[in-house]
Participant: 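Before anything else, here's the structure in question.
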Amino acid sequence: MVGREVGVSMTSTGTEASAAGWDEARLSEQFDATIAKDQRIEPRDWMPDGYRRTLIRQIAQHAHSEIIGMQPEGDWITRAPSLRRKAILFAKVQDEAGHGLYLYSAAETLGADRAELTDALIEGRQKYSSIFNYPTPTFADVGVIGWFVDGAAICNQVPLCRCSYGPYARAMVRVCKEESFHQRQGYELLLTMMRGTDGQRAMVQDAVDRWWWPSLMMFGPPDDDSPNSARSMAWKIKRHSNDELRQRFVDMTVPQAEKLGVTLPDPELSWNEERGHHDFGTPDWSELQRVISGDGPRNAERVSRRRAAHEEGAWVREAATAHAAKQAARTKKSEGAAA
Amino acid sequence: MTQDWPLYEVFVRGKRGLNHVHVGSLHAADDAMALTHARDLYTRRNEGVSIWVVRSEHIAASTRDEKDPFFAPSADKVYRHPTFYDIPDDVPHI
């Protein structure tokens, strides 16, 4: 396995280390010390199996979310109202593909196999963010996704830039740089619609009403119902709890909503002077459970479309492989003739 | 499950005067495709002026677990550093 990738780890952990005569206790101590010093764990380092498994699961889910996330907005590329909006949307959806690929690349440094990850997604063995299972019936949805969904993603991803696993953190740095464009184009789109007709303003408010609660659910279940959080925080994979990040998102979004002139659909939303934060209502957690377990408005469609894209692209992958083999053989032959 | 294209490592020179830096990896059928994929994936916003790609399996790497024996010789030669030498304060430009 050595050299399969720059710094890719041995998939059977500890092989190199045992050759050096180190026992697991000492390796574990060294791992803990690296985390305690706030240094990064790199691919070839020894790491506990649980750390590796947790990261592969999280990074794969994150990658799948980016890839599935191309669909709700991608639907609007051919129907964008102007060339400007079409070009922006194209660039944004292309970025989502890019983010997915950065993340798959990070997962592979942990020994995950790319083809297996794709299979896990289309066979429903691995999940992706529940938010992408909601429909996008109007163009205002494109704006609200940029504003809420990418805004929430920024809240989640900025702390991940300091995640203890080096390749994941570095991928997040690139993603965050690009995500700001996503959020701003969404907000600008909505501003433009709000300056338009009554019909357009109603369309924006309707999209806000539909996306607000699912966006709050993007941060995951409440802290007292998030069993793996404590361990991820101890490993410094996660830096803030779900509820902290959710609060940050609400505080960030409320003044933006005021400027835009829309109402966030939560009667309990109000500024709490004492806490220095907004109070807000409780999302319908049973809805999150339903959508996660596959029963959201668009789950089946999203996965079947990903599967179709993968299967319909098989001949391209095979043709490219055959072409590469033919070229390699030709080069070899002409080198042989020259010698 | 079908076999993926081979894995390539990607190195990008951010601008003239800088070294190529490792930015990540990707799958491609051959070198030419790896270069165009690397351009699309890692330089969408003027992040580079030059790209290297190399099959991951062709890279040899040191391992962290042998870092003591492997890198130790550089730690015990303090005379390699300028601060090892005592020079009077009134000697200029040194």
Side-chain angles (χ1 to χ4, degrees), chain A residues 1-10 14-22 27 30 34 41-46 91 94-95 97-98 101-106 108-109 113-119 123 167 170-171 174 177-178 181 310 314 316-325 327-328, chain B residues 1-15 18-48 51-73 75:
Chain A
M1 277 308 269
V2 174
R4 190 191 133 221
E5 163 153 2
V6 176
V8 87
S9 164
M10 317 277 293
T15 312
E16 292 173 17
S18 54
W22 286 24
L27 290 163
Q30 192 186 40
T34 307
I41 302 297
E42 294 295 344
R44 294 173 70 85
D45 293 348
W46 182 92
Q94 191 192 18
D95 275 353
L101 295 176
Y102 302 155
L103 285 158
Y104 283 131
S105 161
E108 282 178 284
T109 66
D113 179 271
R114 174 78 61 94
E116 264 170 36
L117 293 175
T118 304
D119 287 350
E123 287 163 12
R170 292 191 286 274
R174 271 199 305 279
K177 276 185 193 161
E178 300 178 353
F181 142 59
H310 185 65
V316 180
R317 294 191 294 277
E318 284 158 21
T321 303
H323 175 74
Q327 291 298 117
Chain B
M1 194 191 83
T2 48
Q3 193 61 36
D4 244 314
W5 289 329
L7 192 65
Y8 281 81
E9 299 303 324
V10 181
F11 301 80
V12 171
R13 184 196 297 287
K15 56 182 182 186
L18 298 180
N19 289 318
H20 285 77
V21 173
H22 181 243
V23 293
S25 63
L26 51 77
H27 290 270
D30 57 25
D31 295 356
M33 186 194 275
L35 277 173
T36 53
H37 280 185
R39 178 203 57 198
D40 293 345
L41 185 55
Y42 291 107
T43 64
R44 284 196 301 284
R45 290 181 175 77
N46 303 320
E47 292 94 335
I51 300 174
W52 289 346
V53 291
V54 60
R55 287 276 288 268
S56 305
E57 64 187 15
H58 292 156
I59 290 183
S62 67
T63 69
R64 156 138 175 188
D65 299 322
E66 66 186 11
K67 86 171 178 187
D68 284 346
F70 199 76
F71 294 107

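Only this structure's heavy atoms are used, side chains among them; waters, hydrogens and symmetry mates stay out. The chains referred to below are lettered A, B, ... by the order of the sequence lines, with proteins before strands, and numbering in each begins at 1.
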Participant: Chain A heavy atoms under 4.5 Å from B/V23: which part of the residue, side chain, backbone, both or neither?
Facilitator: both
Participant: Can you label the angle between the B/W5 ring and the B/H37 ring as parallel, tilted or perpendicular, going by 30° and 60°?
Facilitator: tilted
Participant: Tell me which of these, A/A325, A/A91, A/A106, A/A324, has more heavy-atom pairs under 4.5 Å with chain B than the rest.
Facilitator: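 If we count pairs closer than 4.5 Å to chain B, A/A324 comes out on top.
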Participant: If the condition is side-chain hydrogen bond (donor to acceptor under 3.5 Å, both in side chains), which residues does B/D40 pass it with, not counting sequence neighbours?
Facilitator: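 Residues passing side-chain hydrogen bond (donor to acceptor under 3.5 Å, both in side chains) with B/D40: none at all.
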Participant: Determine, stepwise, if the pair B/R44 / A/E178 fulfils side-chain contact (heavy atoms from CB on, under 4.5 Å).
Facilitator: CA-CA 10 Å; B/R44 284 196 301 284; A/E178 300 178 353; 2.9 Å; yes
Participant: Taking every heavy-atom pair that is under 4.5 Å apart, which of B/L41, B/D30, B/D31 has the most such pairs with chain A?
Facilitator: B/L41
Participant: Taking side-chain hydrogen bond (donor to acceptor under 3.5 Å, both in side chains) as the definition, give me every residue that meets it alongside B/R13, ordered by chain and number, with sequence neighbours left out.
Facilitator: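 Result, side-chain hydrogen bond (donor to acceptor under 3.5 Å, both in side chains) vs B/R13: none returned.
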